[in-house]
**Student:** 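The structure is given below, and queries will be raised subsequently.
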Amino acid sequence: MSSIDIGIAVTIILLIMVMIGMRVAFAAALAGLIGLVWIFWAKKGMAGDQFFWALTVAVKTAGQVPHSKISSQALSLIPTFILIGYLAYYAGLTKALFEAAKRWVGWLPGGLAVSTVFATAGFAAVSGASVATSAVFARVAIPEMLAVGYDKRFAAGVVAAAGTLASLIPPSAILVIYAIIVEQDVGALLLAGFLPGAFSAVIYGSLVIGLAMTFKNFGPPVGGFTWVQRFKSLPGAFPIFFVIAIIIFFVYNPFGGDAWGTPTEGGALGAFVVFLMALYRGMRWKELKSALLETAKLSVMIFTIIWGVLIYVRFLGFADLPGAFSEWIGSLHQSPMLTLIIILMAYAVLGMFMDAIGMLLLTLPVVYPAVMALNGGLDVSAADSAFGMSGVGCAIWFGIIVVKMAELCLITPPIGLNCFVVAGVRPDITVQQVFKGATPFFIADALTIAGLIAWPGIVLYLPELLLGKS
């Protein structure tokens, strides 16, 4: 067998292991090790006396992956971003955000659900994890929605879907992972997520308003707040925007010139500022311990997936599967945009069986070079490209779109993680009910992705304005 045939065979084995329920991290690591052994053994003609040699070389090759890749400084962003979210919760910023949103937009049809969407988007700007965001607002928003007569399925679905915004709005752990996989500027990817995240939140809010106007008693508005009460709610939400401003000014330096620090340093500074806020608002050792433990648990889960998948990625390099796939995609006699849409539809299907991070880690080493080849390569100019943007711009644009597709994994049955988290926080609501409540947001996500494809400027405006990348 050729190396390409071995690559395809091992990939099929990996997909089978994932579909029968094996954890992505362990399935990818095992598939990668099997593939490496197979590749090295095939080079020796599959001779029986060479098997243990192939096994030894494969184990050594796989063993080098965790340290060589995880020692990347950029990955230290992930635990700091996650920690910011948990500390913000214990600082009481989530309740303050929700209260401010309720007073300002609660009068709209479906007002509390709209408030949940916008409050979640605000919290996503200081939280790097969708799971944590959903868990927090399941405690804060669902009781208030149920109290005014919302259907519990929709109330839970709003929280699960709105929690996915943390994947797109910086600081986002999954955008950091994408940037590292494709070797692009982490700062540019994070900056590019702001406007698409806000765009997605507006689409979600519009969907809620439309449903509330269409169906009677769907989501009663909440009124009665005076302008004085509305303005009084703003100081409680200001710390969120203060932290965002600190990170932006520190990392991107809007005044021009060199950045004041790296994204990693900006994330650490943001975590320290939120920590001081939490202490000022009365956080005690028990709450700090809980925040640190939850951060450690989620970080270890993400790093374990990265370790396992990178072993598989190392095997793909030996098999040359990414190069072969890129050549095949480039040989198709059809519109590059049609090919891109087919790729995105494949992601929607994969999302039914895999978690978001695992799916991106497994597919991007193969898919990313193919998409770049569709556009004309990494060095292509906007004038000569298929999608009307430079190679660097295409890498940023595709990253935002594919992360938005990955958000679907978080609310897609049967393994939508956000839905399980909301059901876990609210034992009175089954996970099936959460999935049903989140179903309308598939339409909103489809519209958002269509908008990002049709108007790539939504993604590229800020990176071009502040960093000169487009």
Side-chain angles (χ1 to χ4, degrees), residues 114 117-118 120-122 124-125 161-162 164-170 172 174-175 178-179 182 184-185 187-210 248 252 254 334-348 360 364 367-368 370-378 380-408 440-470:
V114 177
V117 170
F118 290 142
T120 304
T164 65
L165 295 173
S167 294
L168 204 56
I169 299 175
S172 165
I174 199 168
L175 277 176
Y178 172 86
V182 304
Q184 289 295 322
D185 183 1
L189 262 299
L190 292 175
L191 193 60
F194 273 110
L195 291 183
F199 179 63
S200 186
V202 170
I203 295 289
Y204 278 3
S206 301
L207 173 70
V208 171
I209 293 172
I248 290 176
Y252 304 112
Q334 63 185 26
S335 164
M337 186 58 71
L338 176 60
T339 304
L340 176 65
I341 292 172
I342 292 172
I343 290 172
L344 296 179
M345 291 175 65
Y347 270 112
L360 292 187
L364 282 175
V367 172
Y368 172 75
V371 172
M372 296 305 295
L374 281 176
N375 189 53
L378 185 60
V380 71
S381 66
D384 299 327
S385 66
F387 299 136
M389 63 194 79
S390 68
V392 173
C394 181
I396 296 172
W397 174 68
F398 177 67
I400 298 299
I401 291 175
V402 80
V403 167
K404 183 62 186 175
M405 289 300 303
E407 288 183 1
L408 281 172
F441 292 93
F442 294 148
I443 300 172
D445 283 336
L447 291 174
T448 301
I449 292 166
L452 297 179
I453 292 175
W455 300 294
I458 298 174
V459 176
L460 298 176
Y461 177 73
L462 287 180
E464 180 179 4
L465 179 66
L466 297 180
L467 302 177
K469 296 188 177 185
S470 63

**Student:** With sequence neighbours excluded, tell me which residues meet ring pair (Phe, Tyr, Trp, His ring centres under 6.0 Å) with F398.
**Tutor:** none
**Student:** Looking only at heavy atoms, which two atoms of C394 and V371 are closest? And how far apart?
**Tutor:** SG-CG1, 4.3 Å
**Student:** Could you please spell out the steps behind the side-chain contact (heavy atoms from CB on, under 4.5 Å) verdict for L378 and Q184?
**Tutor:** CA-CA 11 Å; L378 185 60; Q184 289 295 322; 3.8 Å; yes
**Student:** Atom CG in L447, atom CD1 in I203: separation rounded to 0.5 Å?
**Tutor:** 6.0 Å
**Student:** Which atom pair, heavy atoms only, marks the closest approach of P196 to V459?
**Tutor:** CG-CG2, 3.9 Å
**Student:** In terms of the angle between their ring planes, are Y178 and Y368 parallel, tilted or perpendicular, with boundaries placed at 30° and 60°?
**Tutor:** perpendicular
**Student:** M337 versus I453: any side-chain heavy-atom pair under 4.5 Å?
**Tutor:** yes
**Student:** Could you state the interatomic distance from CD1 (I169) to CG (L190), rounded to the nearest 0.5 Å?
**Tutor:** 12.5 Å
**Student:** Would you compute the distance between atom CD1 of I449 and atom CD1 of I400 and round it to the nearest 0.5 angstrom?
**Tutor:** 12.0 Å
**Student:** Determine whether V208 and F441 make a side-chain contact, defined as any pair of heavy atoms from C-beta on separated by less than 4.5 Å.
**Tutor:** yes
**Student:** Without hydrogens or angle criteria, can the side chains of T448 and K404 be said to hold a donor-acceptor pair below 3.5 Å?
**Tutor:** no
**Student:** With a 4.5 Å cut-off on side-chain heavy atoms, are L408 and T164 touching?
**Tutor:** no
**Student:** Ignoring hydrogens, what is the shortest heavy-atom contact between A444 and L207? Give both atom names and the distance.
**Tutor:** CB-CD2, 4.0 Å
**Student:** What's the separation between atom OG in S200 and atom CG in L452, rounded to the nearest 0.5 Å?
**Tutor:** 8.0 Å
**Student:** Looking only at non-hydrogen atoms, find the nearest pair between V117 and A201 and report the distance.
**Tutor:** CG1-O, 3.5 Å
**Student:** With rounding to the nearest 0.5 angstrom, report the CG to CG distance, L374 to L338.
**Tutor:** 10.5 Å
**Student:** Specify the closest pair of heavy atoms between L189 and G399, including all atoms of both residues, with the distance to one decimal.
**Tutor:** CD1-CA, 4.5 Å
**Student:** Report the distance from atom CG of L460 to atom CG of L191, rounding to the nearest 0.5 Å.
**Tutor:** 10.5 Å
**Student:** Check S167 against S172 and note the closest heavy-atom contact, atom names and distance.
**Tutor:** O-OG, 2.5 Å
**Student:** Go through the structure and list residues passing side chain to side chain donor-acceptor pair (under 3.5 Å) with S385, not counting sequence neighbours.
**Tutor:** none
**Student:** Decide yes or no for V182 and M372: does some side-chain heavy atom of the first lie under 4.5 Å from some side-chain heavy atom of the second?
**Tutor:** no
